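Reading through the structure tokens given below for one structure.
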Amino acid sequence: MCLLLAQAIKICCERLKKRIDTVRNTLNPVPTWPLLIKTCLLKDVDLSERYWTLASELPQSYIIWGGTCIEVEIDVLTGMHVTRRADIIEDAGRSLSPYVDIGQVEGAFVMGLGLFTTEYMQFDEQTGEKLVTGTWDYKPPTAMDIPADLRITLLPNAPNPFGVLRSKATGEPPLCMSFGIVNALRQAITAARADAGTTGWFEMPSPLTVERIQQLCLVHRSQFVLYDNGELLAPASKTTLLHAEHDQQAEHDQQAEHDQQAEHDQQAEHDQQAEHDQQAEHDQPVDEITSQCSIN
């Protein structure tokens, strides 16, 4: 779409320039731009133009190349992550405006970071209604999500013979390259899982929200301790031990309660069976006596 617009704009500009030049060539000396446009208006020169790109005029398609390298750091205890650095090289052909193209790359890339990490869409499975309607649940990327060191390079000496003025589109490709954040986070999470004693492949759906990263890192409550110069702080250690002891006691009490309930149910079943057998023994002589009385 951008390519079609640029092609049409180029043709419109060429037509306008041709009409303006007919007035410019009659003026000596050449006036300033505002005065030239005013003169054209006074001479009834049409200063508007439109163009419809025909299907037969569509430019030949081309490939846009690009590469991304991303460095991330995750907090395995909370699931928070920071993008330390991102290096991007984009094939923009012969850029019409490097500043504009670099801005396009930055915006699309950060937009993609949000798409693959923070922007978690939720829908009602029955009605399809969107359940996230504000930033309380839906988290678009903010200033803190931008890489701390973001470096953009436009591929030099790469004119595009099929593009407008040998340029290439720059809006969509960086959005695709932002998927590199998923690969970088997978490497970091894999390292965290290895520290937890788990290796091998694991499913990792996106977006990689804070909750998902924290859960994928296989964090245990014993890791929530404080260190000072490599030494475990006493208050944190005591707190951790108390929590561990409390959890262990709760688990023991729960198991004991379960065993006690099972023993009670077993005793109740035994008593019920004994009562049933006793009743059966009591009923049998009565039947025999009744039969004998009936015979006599």
Side-chain angles (χ1 to χ4, degrees), residues 1-5 61 63-88 90 100-150 152 168-196 198-221 223-224:
M1 179 61 69
C2 294
L3 184 60
L4 299 180
L5 291 175
S61 60
I63 297 176
I64 301 175
W65 304 95
T68 306
C69 183
I70 303 176
E71 177 185 349
V72 297
E73 179 180 341
I74 62 173
D75 184 342
V76 299
L77 300 183
T78 64
M80 296 289 290
H81 78 275
V82 176
T83 306
R84 291 295 184 187
R85 176 172 170 175
D87 292 80
I88 305 172
E90 168 90 9
V100 172
D101 285 342
I102 289 176
Q104 285 283 90
V105 173
E106 292 174 336
F109 182 75
V110 174
M111 181 179 177
L113 295 183
L115 175 65
F116 294 118
T117 58
T118 61
E119 300 180 40
Y120 180 37
M121 297 295 297
Q122 301 179 62
F123 299 91
D124 188 291
E125 296 182 356
Q126 301 298 326
T127 64
E129 178 186 2
K130 186 170 65 172
L131 301 178
V132 287
T133 57
T135 54
W136 185 261
D137 298 303
Y138 180 79
K139 306 296 183 183
T142 62
M144 296 303 294
D145 296 305
I146 300 175
D149 187 355
L150 179 57
I152 311 292
K168 286 187 177 183
T170 56
E172 293 82 1
L175 180 63
C176 300
M177 291 193 292
S178 61
F179 186 79
I181 188 71
V182 177
N183 296 327
L185 287 172
R186 173 175 280 276
Q187 295 297 323
I189 294 172
T190 300
R193 292 168 68 91
D195 291 341
T198 301
T199 59
W201 184 89
F202 57 94
E203 184 177 359
M204 193 180 74
S206 64
L208 290 171
T209 60
V210 171
E211 294 83 2
R212 284 180 174 171
I213 293 176
Q214 197 267 353
Q215 292 169 6
L216 287 171
C217 288
L218 304 180
V219 176
H220 190 267
R221 66 173 64 90
Q223 294 176 266
F224 286 83

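What you are looking at is a predicted structure, and each value in this text was computed from that prediction instead of being measured. Sequential numbering from 1 along the given sequence is applied to the chain's residues.
Between Glu90 and Asp101, the closest side-chain pair of non-hydrogen atoms is not below 4.5 Å. Ile64 has its side chain within reach of Pro173: a pair of non-hydrogen atoms, C-beta onward, lies under 4.5 Å apart. At a threshold of 4.5 Å between non-hydrogen side-chain atoms, the residues Ile74 and Cys217 count as touching. A 4.5 Å side-chain heavy-atom check between Pro140 and Thr135 finds at least one atom pair inside the cut-off. Considering only heavy atoms from C-beta on, His220 stays 4.5 Å or farther from Leu218 through its side chain. Between Pro174 and Gln104, the closest side-chain pair of non-hydrogen atoms is not below 4.5 Å. Side-chain contact between Glu106 and Ile102 is present, with at least one heavy-atom pair separated by less than 4.5 Å. The closest side-chain heavy-atom distance from Leu113 to Pro147 is below 4.5 Å.
The nearest pair of heavy atoms linking Met177 to Gly66 is SD-C, 3.4 Å.
With sequence neighbours left out, Leu77 forms a side-chain contact (heavy atoms from CB on, under 4.5 Å) with Asp75, Val219, Gln223, Phe224. The side-chain contact (heavy atoms from CB on, under 4.5 Å) search around Gln126 returns Asp124, not counting sequence neighbours.
Here the side chain of Asp145 pairs a donor or acceptor atom with the backbone of Thr142 at under 3.5 angstrom. Remark: side-chain polar atoms of Lys168 are paired, donor with acceptor, to backbone N or O of Ile63 under 3.5 angstrom.
Residue pairs meeting the ring-ring contact (aromatic ring centres under 6.0 Å, His included) criterion with at least one member in residues 103-127, sequence neighbours excluded: Phe116-Phe179. The ring-ring contact (aromatic ring centres under 6.0 Å, His included) pairs that include a residue from residues 124-149 number zero, where partners must be two or more places apart or lie in different chains.
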Donor-acceptor pairs are to be reported for all side-chain atoms of residues 203-211 against protein atoms at under 3.5 Å, with residues two or more places apart or in another chain.
from: Thr209; atom 1: OG1; to: Glu211; atom 2: OE1; distance (Å): 3.4
from: Thr209; atom 1: OG1; to: Arg212; atom 2: N; distance (Å): 3.4

Atom pairs and distances, donor-acceptor, side-chain atoms in residues 181-189, under 3.5 Å, two or more places apart:
from: Arg186; atom 1: NH1; to: Phe202; atom 2: O; distance (Å): 3.4
from: Arg186; atom 1: NH2; to: Phe202; atom 2: O; distance (Å): 3.1

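Within a 6.0 Å radius of CE in Met80, other residues, nucleotides and ligands contribute 12 heavy atoms or fewer.
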